[in-house]
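Below is one structure, written out as structure tokens, with a few remarks after it.
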2 protein chains.
Amino acid sequence: MLDAVARLRRFNRAVTREAGALDTSFLGRGRPLGAVRVLVMVRPEGTDVALIRDRLGLDSGLMSRFLRSLEREGLIETATDPADRRRRIARLTPAGEAEVAAYDAIGHARAARLIARAGTRANELVAAMDLIATLLNRDQLEIRPADPDSLEVTACWQAYFDELVARVPAARPDMFALPDPGAASYRAPRGACLVAWSDDLPVACVALRPLDGPTAEVKRLWVDASARGQGLARRMMSAIENEARQLGYQWLRLDTNSALSEAIALYRATGWTDIAPYTGAPADVWMEKPL
Amino acid sequence: MLDAVARLRRFNRAVTREAGALDTSFLGRGRPLGAVRVLVMVRPEGTDVALIRDRLGLDSGLMSRFLRSLEREGLIETATDPADRRRRIARLTPAGEAEVAAYDAIGHARAARLIARAGTRANELVAAMDLIATLLNRDQLEIRPADPDSLEVTACWQAYFDELVARVPAARPDMFALPDPGAASYRAPRGACLVAWSDDLPVACVALRPLDGPTAEVKRLWVDASARGQGLARRMMSAIENEARQLGYQWLRLDTNSALSEAIALYRATGWTDIAPYTGAPADVWMEKPL
DNA sequence: CCATATATCTGACTATAGTCAGGAAAAACA
DNA sequence: TGTTTTTCCTGACTATAGTCAGATATATGG
């Protein structure tokens with residue numbers, strides 16, 4: 001392989017040029033880039049001003065000016081946060097939502113064009129971008145509770161089932177027909193569902209449901225290919241165990257398949273022990289852990 | 001797969017943030033970014049000012065000011081191009097070379113740190129970056145003649161030999177011991193050597209040497225993994241055929257191995273026909289084409 | 001209650017990027 | 001040869017990003 005560092009710097013130049021083009025593509029709607037970057041971070045339901053400032057690394061004075069300018073344009077409204085009245089919350093007006101949608105469409109079109117440029121290698125391109133984005137976002141990874149009926153959880157579970165079908169010989173697609181009738185059991189007060197976010201993309205999930213008195217069952221641990229090799233599965237397991245503890249459980253169980261060797265190695269390394277079967281195919285390994 | 005466009009946009013955000021950090025890392029030496037971008041594009045042996053301006057997309061007035069400012073600092077000297085005295089050529093002074101080396105070191109350190117962050121997936125990261133950079137740079141790809149003894153050609157040939165060893169069962173590493181004693185035959189006036197550049201990284205090569213009177217032999221066609229699937233091999237073959245025509249050859253020959261099926265398919269599709277063996281192992285396919 | 005810290009806002013300021021019009025010199029063209 | 005085009009330069013200008021100090025209102029911890 002030629003010098004890896006030289007290759008990385010070529011990448012930097014290529015992407016900087018592309019990102020520059022991306023930035024200027026956000027112009028042409030008569031608004032400076034800084035204001036646009038703020039605008040597109042405001043969610044319709046309202047976003048904490050400090051959060052935006054922090055994400056964009058802006059000076060508070062500059063941020064304030066951007067907000068005033070967007071307000072003058074009638075794209076956002078700001079109100080004080082009732083929970084902490086020093087803070088302010090920015091909310092999109094209908095005009096603002098339309099404007100954000102327009103910027104979204106521009107970005108979407110650009111992105112689609114870039115992917116199209118890859119031709120037959122589009123899938124590889126997206127996978128490569130995923131890997132890089134996940135590595136760069138690695139420190140910003142956040143694990144948050146999620147609604148088991150939400151779109152992101154459904155997407156994670158679908159990815160999990162696809163993975164099972166690909167790797168477990170005994171698994172067939174029709175074993176996992178979403179939507180899941182049992183999704184309610186992954187909710188409070190007796191269940192839980194966690195998703196790991198890299199930026200706004202879910203890259204891992206895990207769920208917990210009541211099994212039998214003081215025993216809960218861990219289900220559907222999944223980590224996206226781009227996020228593997230960084231100890232995320234271990235973090236997810238540790239997070240769901242904490243949830244279980246807080247819900248008052250004393251024992252955890254899980255079933256899995258011997259084809260999923262890394263997962264089993266992780267379980268063994270973190271205090272899980274084999275037990276007698278308590279479910280059927282496609283599982284062929286059953287484990288337990290005291291809390 | 002989750003929405004590809006959403007993933008690409010996450011990538012954009014991650015990389016824009018990183019590129020922003022990269023840009024500011026070029027600060028801290030008391031010089032504005034624009035001037036630095038110009039400075040690091042000046043080669044010690046001299047670079048055409050218009051070329052720099054074109055690559056960076058700068059206004060001629062702005063460019064002029066950057067040059068004056070770098071001159072005042074004693075980092076570069078400008079002289080009129082003797083071939084066209086409207087044009088100017090910028091050259092690094094010794095102080096300038098030292099300064100560029102310092103910026104290089106900063107960039108190198110940053111790049112190394114990023115690669116290190118990928119841990120066990122460093123190779124995958126570099127491959128992903130290569131793929132993206134090559135796709136983004138695709139329109140800027142340049143095929144230029146190269147010195148067969150140069151570092152870049154040696155690197156290409158080494159990559160070619162590695163590929164052969166990996167794919168051809170009969171090939172062993174010791175069959176291809178660089179440096180190549182026959183490199184001189186790939187030079188003018190009877191031979192040629194072409195390299196395709198993506199930015200400053202060689203991504204493909206092909207060579208030509210005299211064989212027998214009006215017949216020349218095409219050797220060492222190689223395309224980097226990141227640049228495949230875009231018709232580059234075809235372009236390289238077409239370029240080397242043009243070289244051969246200009247050198248007055250009437251026939252081309254080549255030997256290859258049946259394990260390299262895409263290459264053979266390309267040859268068949270572009271007018272090459274099978275002929276009797278004229279070399280030994282590891283070759284097992286021999287072809288010819290009239291010009 | 002007070003002292004201190006935090007979040008935001010405002011006004012004044014600087015630095016940098018970028019634009020534009022016009023001029024001088026050289027090259028290309030008819 | 002004269003005209004047009006190209007290349008670079010300069011000065012004047014604008015827009016944007018970003019910094020800084022101080023003011024105000026609120027929260028937090030004693």
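These figures come from a predicted structure and were not determined experimentally. First the proteins, then the strands, lettered A, B, ... as listed; each starts at 1.
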ask   = Would you say A:Tyr249's side chain and A:Arg190's backbone share a donor-acceptor pair under 3.5 angstrom?
value = yes
task = Kindly compute the distance separating CD (B:Glu99) from CD (B:Glu73), expressed to the nearest 0.5 Å.
result = 7.0 Å
query = Rounded to the nearest Å, what distance is computed from the CG atom of residue A:Asp84 to the P atom of nucleotide C:dT8?
reply = 8 Å
remark   = Taken to the nearest 0.5 Å, the spacing of A:Thr134 OG1 from A:Leu141 CG works out to 8.0 Å
request  = Using whole Å, report how far CD1 of A:Ile89 lies from P of C:dC9.
outcome  = 13 Å
note = Taking five pairs at each terminus, the helix from C:dC1-D:dG30 to C:dA30-D:dT1 shows an axis bend, to 10°, of 30°
key: Close approaches to DNA chain C from residues 41-49 of chain A, in residue order (heavy atom, under 4.0 Å)   = A:Val49
ask   = OP1, OP2 of D:dC8 versus side-chain N and O of B:Arg53: anything below 4.0 Å?
value = yes
remark   = Scoring nucleotides 18-25 of chain D by protein non-hydrogen atoms under 4.0 Å (B base, S sugar-phosphate only, - none) yields BBB-----
request  = State whether A:Arg88 places a side-chain N or O below 4.0 Å from either non-bridging phosphate oxygen (OP1 or OP2) of C:dC9.
outcome  = yes
Length of the CG-P vector between A:Leu56 and D:dT16, whole Å = 17 Å
query = Of the non-hydrogen atoms in A:Leu247 and A:Gly191, which two are nearest, and what is the gap between them?
reply = CD1-O, 3.8 Å
message = Tell me the interatomic distance from B:Leu67, atom CG, to D:dC8, atom P, rounded to whole angstroms.
response = 9 Å
inquiry  = Measure CG/B:Asp81 against P/D:dC9 and give the value in whole Å, please.
reply    = 13 Å
task = Check the distance between C:dC9's P and A:Leu70's CG and give it to me in whole angstrom.
result = 12 Å
ask   = To the nearest 0.5 Å, what is the distance between CZ (B:Phe11) and CG (A:Leu125)?
value = 8.0 Å
request  = Measure from the side-chain heavy atoms of A:Leu33 and tell me the nearest of D:dT7, C:dA17, D:dA17.
outcome  = D:dA17
task = In whole angstrom, give the distance that lies between atom CD1 of A:Ile52 and atom P of C:dA7.
result = 15 Å
query = Can any side-chain N or O of A:Thr93 pair as donor or acceptor with the backbone N or O of A:Leu75 at less than 3.5 Å?
reply = yes
remark   = Rounding to 0.5 Å, atoms CG (A:Asp48) and CZ (A:Arg53) come to a distance of 9.5 Å
key: Interatomic distance, B:Arg31 CZ vs C:dA17 C1' [rounded to whole Å]   = 18 Å
request  = Using atom types as modelled and distance alone, determine if a side-chain donor or acceptor of B:Arg91 lies under 3.5 Å from a backbone N or O of B:Pro44.
outcome  = no
ask   = Which pair of heavy atoms, one from B:Ala204 and one from B:Cys156, lies closest together, and at what distance?
value = O-SG, 4.4 Å
inquiry  = How long is the straight-line distance from OG of B:Ser64 back to CG of B:Leu58, given to the nearest 0.5 Å?
reply    = 11.5 Å
Residue A:Arg245 excluded, over 12 heavy atoms near CZ under 6.0 Å = yes
